[in-house]
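Worksheet: the structure to be examined is printed underneath.
Note that the structure is predicted; figures quoted are calculated from it, not measured. Index from 1, following the sequence.
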Amino acid sequence: MSNLMDKAVEAIGKGGYGTALTGAGISAESGIPTYRDPGNLYDQYDQGKQGGMLGVLMTNPEKAPEILSTFFNKLQEAKPNTGHIGLVELEKMGLLKSVITQNVDGLHRLAGNSKVLELHGSIYRMLCTVCGIKKQMEQNDLFAIADEIPNKLGTITSITEIMTGILPPCSCGGPQRFDFVSFGESVQELNEAVLDVTSCSWMLIVGTSGVVHPAATLPTYAKNNDAFLIEINPKESDLTSQCDIFLKGSAGQVVPELVNALKKAGVGNK
Ligand code: OAD
C-alpha cells in the first residue's frame with residue numbers, strides 16, 4: 001500500500017486540481033448501508049421493473065413503511081465520518097475542487113465541502129410537482145415528517161403515493177415530492193460535473209460500485225483528458241480496471257491516510 005500511496009501523492013503533487021466521485025460506500029462508516037453489498041437493500045429485495053429504491057418499495061409494498069423508516073432512522077443518526085472529513089481537508093489544502101456524489105444523504109455538505117454536486121439529488125430537498133419550486137428542508141423538519149411514515153403509508157399502491165404521500169403540499173397547493181433522482185429520471189448538476197472532470201488533473205473515486213450511469217461514465221471522461229485516477233474501496237469495482245491506482249480499504253481509513261501522506265510530503269497548503 002505505501003508504494004501505491006507514494007504514487008498517489010506524486011500524482012497529486014504534480015499540480016492542477018482534483019475532483020472526487022463518491023458513492024454509498026463513503027457513508028457506510030456513518031451507519032448508512034450501501035445498496036448492493038451483501039445483506040443490503042438490493043441484495044435483500046427484488047427491485048422489480050422500476051429498479052432502485054422505488055422499485056424495491058413497489059415490489060415489496062408491505063415492507064415499504066419499514067424500509068423507509070429504517071432508512072430515515074439511520075440517516076438521522078448519521079454524522080460525517082473521517083472519509084467525508086478527509087475530503088474537506090483536501091479542499092482546505094487547495095487540492096480538491098469539487099465533490100461529485102451519487103449520495104442523497106447530505107453528509108458531504110454537513111462535513112463542510114463547499115462545492116458538492118449531487119447527481120442523484122438530495123433527500124433534504126422538496127420539489128413541487130406543479131410549480132417546480134425546490135425547497136431545502138431543515139434536518140429536524142425532515143425527521144419529524146419521517147416519523148409519520150408508518151401512519152401515512154399503509155400498503156403502497158403507486159409510485160406517486162411514495163413520492164408525494166409523505167410530504168406536505170406546496171404553498172401553491174401542488175403535491176411535493178423528494179428531490180432525489182430515481183431510475184429513468186435525469187441526473188442533476190451533470191454539466192457542471194462534466195466540466196470539472198474534464199479539466200481535473202486527478203480524480204478520487206471513493207465507495208462506488210460504478211454500475212450506475214452517467215455517474216460511472218465520469219471517470220472515463222477524466223481519463224480521456226489525462227487525469228490520474230485513484231480509487232478507494234475495500235473491494236474492486238466496475239471502475240477499478242480504468243484506475244491508475246487502487247487503494248484497498250475503507251474510506252474512513254484510507255482517505256485520512258492519503259491526507260496525512262500528502263501533508264508529510266508537503267503537497268498542498270498547510
Ligand atoms: P453501491 O451499493 O452500488 O456500491 C457501494 C460501494 O461501496 C461498493 O463498491 C462497496 O465495495 C463500497 N464500500 C462499502 N463499504 C465501504 C467503505 N467503508 N468505504 C469505501 N467503500 C465502501 O452504491 P453506489 O455505487 O453509490 O442510485 O450506487 C450507485 C447508485 O445506485 C446510488 O446512488 C443509487 C443506487 O441505486 C439511485 O438511487 C438513483
Side-chain angles (χ1 to χ4, degrees), residues 22-24 26-27 30-33 35 41 47 50-58 61 63-80 84 98-193 212 214-215:
T22 68
I26 197 165
S27 296
S30 296
I32 302 176
Y35 297 93
L41 197 66
Q47 294 177 54
Q50 163 75 28
M53 168 80 112
L54 283 185
V56 168
L57 299 175
M58 284 304 296
K63 289 274 178 196
E66 183 192 323
I67 291 170
L68 285 170
S69 295
T70 306
F71 170 72
F72 281 109
N73 286 340
K74 295 209 184 280
L75 194 65
Q76 189 162 15
E77 285 161 20
K79 300 206 170 22
H84 298 102
S98 56
V99 177
I100 302 164
T101 189
Q102 298 164 85
N103 300 344
V104 297
D105 58 31
L107 289 179
H108 287 301
R109 285 185 196 284
L110 202 59
N113 277 112
S114 47
K115 184 171 182 188
V116 182
L117 301 173
E118 294 172 319
L119 295 180
H120 295 168
S122 169
I123 200 77
Y124 289 103
R125 262 195 320 268
M126 296 184 282
L127 166 68
C128 176
T129 56
V130 174
C131 72
I133 280 186
K134 293 188 179 195
K135 286 185 211 117
Q136 198 68 28
M137 268 186 280
E138 294 299 326
Q139 278 199 331
N140 288 345
D141 293 341
L142 172 67
F143 296 125
I145 289 167
D147 281 345
E148 292 299 312
I149 288 175
N151 305 334
K152 287 199 174 170
L153 296 183
T155 296
I156 281 173
T157 53
S158 71
I159 288 181
T160 316
E161 195 184 338
I162 303 170
M163 293 302 265
T164 59
I166 299 172
L167 296 173
C170 176
S171 48
C172 82
Q176 296 190 103
R177 54 164 280 186
F178 289 106
D179 189 27
F180 64 70
V181 173
S182 56
F183 280 100
E185 294 182 320
S186 302
V187 299
Q188 302 182 5
E189 305 188 290
L190 184 61
N191 290 347
E192 187 122 26
V212 174

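- Around NZ of Lys135, the count of heavy atoms belonging to other residues, nucleotides or ligands within 6.0 Å exceeds 12.
- Judged by distance alone, with hydrogens and angles left aside, the side-chain atoms of Ser30 form no donor-acceptor pair with the main-chain N or O of Ile32 at under 3.5 Å.
- Of the possible polar contacts, one joining the Thr101 side chain to the Asn103 backbone as a donor-acceptor pair under 3.5 Å is found.
- With sequence neighbours left out, the salt bridge (Lys or Arg N to Asp or Glu O under 4.0 Å) criterion links Lys134 to Asp179.
- Note that the CD1 atom of Ile26 and the CD atom of Gln102 stand 11.5 Å from one another [nearest 0.5 Å].
- When all heavy atoms are compared, the tightest approach of Glu189 to Glu118 is OE1-N, 2.7 Å.
- Nearest heavy atoms, Lys74 versus Gly31: CD-O, 3.3 Å.
- At most 12 non-hydrogen atoms from other residues, nucleotides or ligands lie less than 6.0 angstrom from NZ of Lys79.
- A distance of 11.5 Å separates CD in Glu138 from CZ in Phe143, rounded to the nearest 0.5 Å.
- For Leu190, the side chain to side chain contact (heavy atoms under 4.5 Å, CB included) partners are Leu119, Val187, Val194, Pro214, Leu218, not counting sequence neighbours.
- Atoms CG and CD, from Leu41 and Gln47 in turn, are 7.5 Å apart once rounded to the nearest 0.5 Å.
- Atom CD1 of residue Ile133 and atom CD of residue Gln176 lie 9.5 Å apart, to the nearest 0.5 angstrom.
- Contact between Gln188 and Gly121 at its shortest, heavy atoms only, is OE1-CA, 3.5 Å.
- In this structure, Leu142 CG and Met126 CE are separated by 9.0 Å, a value rounded to the nearest 0.5 Å.
- Under the 4.5 Å side-chain criterion, counting only non-hydrogen atoms from C-beta, Ser27 is not in contact with Thr22.
- In plain terms, the two heavy atoms of Ile145 and Pro168 that are nearest each other are CD1-CD, 3.9 Å.
- Atoms CD and CZ, from Glu185 and Phe180 in turn, are 8.0 Å apart once rounded to the nearest 0.5 Å.
- The nearest pair of heavy atoms linking Val130 to Pro175 is CG2-CD, 3.8 Å.
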Quiz: residues 64-73 side-chain donor-acceptor pairs under 3.5 angstrom, not counting sequence neighbours:
{"from": "Ser69", "atom 1": "OG", "to": "Pro65", "atom 2": "O", "distance (Å)": "2.8"}
{"from": "Thr70", "atom 1": "OG1", "to": "Glu66", "atom 2": "O", "distance (Å)": "2.7"}
{"from": "Asn73", "atom 1": "ND2", "to": "Ser69", "atom 2": "O", "distance (Å)": "3.3"}

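- Taking both residues in full, the closest heavy atoms of Cys172 and Cys128 are given as SG-SG, 3.6 Å, listed atom of the first, atom of the second, then distance.
- At distances below 3.5 Å, at least one donor-acceptor pair connects side-chain atoms of Arg109 with backbone N or O atoms of Val116.
- Residues Phe178 and Leu167 are in side-chain contact: their nearest non-hydrogen atoms beyond the backbone lie under 4.5 Å apart.
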